[in-house]
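Since the structure comes first, as structure tokens, the remarks are kept for the end.
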Amino acid sequence: MSLHTLPGLVDVHVHLRVPGGEHKETVASGTSAALAGGVTAVLAMPNTSPPITDGASLDAARAAHAEARCDVGIFLGATDDNAEAAAAAADGACGLKIYVNETFGPLRVEALPTLAAHFAAWPRGKPIVLHAEEVAVATAIGLGATYGQHVHIAHVSRAQEIELIAAAKQAGLRVTCEVAPHHLFLCETDLPRLGTFGLMRPPLARPADRDALWSHLDAVDCIATDHAPHSREEKAGPKPPPGVPGLETTLPLMLTAVHEGRLTLERLVELCSTTPARLFGIETPNESSVEVEIGPARQLPERGWQTKPDWSAFAGMTVHGRVLRTTLRGQVVFEDGRITARPGAGRVLFG
Ligand code: DOR
Ligand code: ZN
């Protein structure tokens with residue numbers, strides 16, 4: 001068994017569901033889940049209800065996150081007619097999120113003129129993050145190169161996508177990407193076992209896709225959870241929404257990969273903390289850290305999570321990693337399985 005102190009994790013893809021989805025997750029429960037997972041900063045997605053698409057909705061969301069227990073940055077979301085309004089509000093956001101493919105919520109932009117308008121208007125310097133699958137990855141890379149924008153591809157899940165991104169990087173293009181733990185540790189052969197609880201966008205892929213993500217890990221910039229909480233009732237119901245919680249399982253899973261020799265602890269820190277912080281301009285707060293244990297085997301539990309829906313698609317998996325203690329700005333915020341942070345221990349970033 002070994003003990004290690006790492007910098008707090010920075011998770012650039014989290015759904016906190018505020019405003020409008022508080023029955024799924026609240027700022028309190030979502031940021032508590034982050035701290036329990038060793039995550040000290042999250043970037044929150046704009047597919048809320050209503051979505052975060054302009055200065056007014058961003059200001060309201062920023063105010064609603066004042067009670068955060070970890071640091072939070074907030075994305076603006078692209079619509080068919082908000083290119084100017086989003087660009088005008090960019091100072092208070094961590095980036096622009098464009099959903100090119102269908103997913104949870106109403107945000108979606110797929111017409112070329114609208115995509116081009118966003119790429120033209122968005123100020124250079126903050127990333128444009130795209131939910132872009134399959135051929136849409138090429139669209140995103142092409143638009144980024146044309147308009148001189150930093151393009152970040154969210155939750156890459158297929159061999160063809162990571163191969164294209166690796167080639168674009170080789171060609172010197174400003175493209176970065178993230179991979180979600182569920183695409184690294186699960187695949188479509190887990191679906192019969194998981195049922196509707198294994199549905200997410202992008203969907204679980206073929207074993208060969210999962211293996212390609214591991215073999216191209218050098219082309220991956222960040223591990224990001226796409227923490228997408230939905231209630232048990234919703235997931236078991238007739239119209240199960242896509243998404244799985246992930247904030248509390250990333251470190252146990254990634255530390256297991258370290259235990260198994262699939263990556264080094266140094267590379268884990270790059271993927272989960274230093275590179276996401278650098279790419280999104282997040283200052284790592286002083287005296288912030290996560291203490292972890294690598295070694296002893298245990299099974300991830302069905303219940304007892306901080307995230308409000310209190311389920312995990314990884315329940316039952318054997319892991320060899322555990323978060324023991326999280327510290328934020330010198331204060332212990334998670335210890336021995338308990339959240340000790342006060343509301344507002346985190347900061348709302350950008351602006
Ligand atoms: O599975 C997903 N769930 N993928 C997304 O892109 C959105 C997310 C959600 O908001 O639930
Ligand atoms: Zn997402």
Side-chain angles (χ1 to χ4, degrees), residues 1-14 29-43 69-71 155 178-186 213-214 217 220-229 244-277 282 284-285 288-301 304-307 310-328 332-341 346:
M1 198 257 282
S2 59
L3 300 175
H4 307 267
T5 302
L6 315 177
L9 268 55
V10 175
D11 189 339
V12 300
H13 193 146
V14 169
S29 62
T31 56
S32 293
L35 296 178
V39 177
T40 50
V42 300
L43 299 185
R69 287 161 164 82
C70 71
D71 291 355
H155 42 47
E178 73 196 30
V179 168
H182 45 264
H183 294 124
L184 285 172
F185 291 92
L186 300 171
L213 297 179
W214 281 105
L217 209 56
V220 176
D221 298 280
C222 318
I223 303 293
T225 57
D226 195 8
H227 175 84
V244 296
L247 278 167
E248 291 163 85
T249 42
T250 299
L251 261 177
L253 291 165
M254 293 305 294
L255 292 169
T256 303
V258 172
H259 178 78
E260 292 169 350
R262 303 178 88 180
L263 82 166
T264 63
L265 194 57
E266 290 68 33
R267 183 72 179 124
L268 182 158
V269 168
E270 276 176 15
L271 287 165
C272 298
S273 181
T274 43
T275 303
I282 297 164
T284 316
S288 299
S289 61
V290 51
E291 289 161 63
V292 301
E293 166 195 273
I294 304 179
R298 67 188 174 107
Q299 277 198 333
L300 290 174
W305 304 102
Q306 297 288 337
T307 185
D310 200 18
W311 60 270
S312 170
F314 303 105
M317 282 177 64
T318 299
V319 294
H320 297 267
R322 185 194 292 274
V323 176
L324 301 175
R325 182 185 295 119
T326 308
T327 304
L328 178 61
V332 173
V333 284
F334 171 79
E335 191 170 33
D336 294 334
R338 284 189 337 113
I339 297 294
T340 51

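- To the nearest 0.5 angstrom, Ile223 atom CD1 is 11.0 Å from Leu251 atom CG.
- Residue Gly30 comes nearest to Leu247 through the heavy atom pair O-CD1, 3.5 Å, listed as atom of the first residue, atom of the second, then distance.
- No side-chain heavy atom of Val244 sits less than 4.5 Å from a side-chain heavy atom of Leu186.
- Side-chain atoms of Thr275 come within 3.5 Å of backbone atoms of Glu270 as a donor-acceptor pair (strictly under, hydrogens ignored).
- The closest side-chain heavy-atom distance from Val39 to Thr250 is not below 4.5 Å.
- The closest side-chain heavy-atom distance from His182 to Thr249 is not below 4.5 Å.
- With rounding to the nearest 0.5 angstrom, the OG1 atom of Thr225 is 7.5 Å from the NE2 atom of His13.
- You'll find the side chain of Pro276 stays beyond 4.5 Å of the side chain of Glu178, heavy atoms only.
- A donor-acceptor contact shorter than 3.5 Å is absent between the side chain of Arg338 and the backbone of Val333.
- With hydrogens and angles disregarded, no donor-acceptor distance shorter than 3.5 Å links the side chain of Thr256 to the backbone of Val319.
- Applying the side chain to side chain donor-acceptor pair (under 3.5 Å) test to His4 and every residue at least two apart in sequence or in another chain returns Ser2.
- With contacts defined as side-chain heavy-atom distances shorter than 4.5 Å, the pair Pro285/Asp71 qualifies.
- Counting heavy atoms from C-beta outward, Ser312 and Trp305 have side chains that approach closer than 4.5 Å.
- A distance-only check finds a donor-acceptor pair linking the side chain of Glu248 to the backbone of Gln306 [under 3.5 Å].
- Put simply, CG on Leu324 and CZ on Phe334 are 8.5 Å apart, with the number rounded to the nearest 0.5 Å.
- Atom-to-atom distance recorded for Asp11:CG and Asp226:CG is 9.0 Å, nearest 0.5 angstrom.
- With rounding to the nearest 0.5 Å, the separation of NE2 in His155 from SG in Cys222 is 13.0 Å.
- A perpendicular orientation is assigned to the rings of Trp214 and Phe185, their planes being inclined by more than 60° (bins at 30° and 60°).
- Across Leu35 and Thr326, no two heavy atoms sit closer than the pair O-OG1, 2.8 Å.
- Among all heavy-atom pairs drawn from Thr318 and His320, the shortest one is CG2-NE2, 4.2 Å.
- Considering only heavy atoms from C-beta on, Leu9 stays 4.5 Å or farther from Thr40 through its side chain.
- Side-chain contact between Arg262 and Leu217 is absent, with no heavy atoms from C-beta onward closer than 4.5 Å.
- Of the candidates Glu293, Glu291, Met1, Arg322 forms a side chain to side chain contact (heavy atoms under 4.5 Å, CB included) with just one, namely Glu293.
- The two atoms that bring Ala34 and Cys70 nearest to each other are CB-SG, 3.8 Å, heavy atoms only.
- Closest approach of Pro229 to Thr307, counting heavy atoms only: CB-OG1, 4.0 Å.
- Distance CG/Leu213 to CG/Leu184: 5.5 Å, rounded to 0.5 Å.
- In this structure, Ala257 and Leu263 approach most closely via the heavy-atom pair CB-CD2, 3.5 Å.
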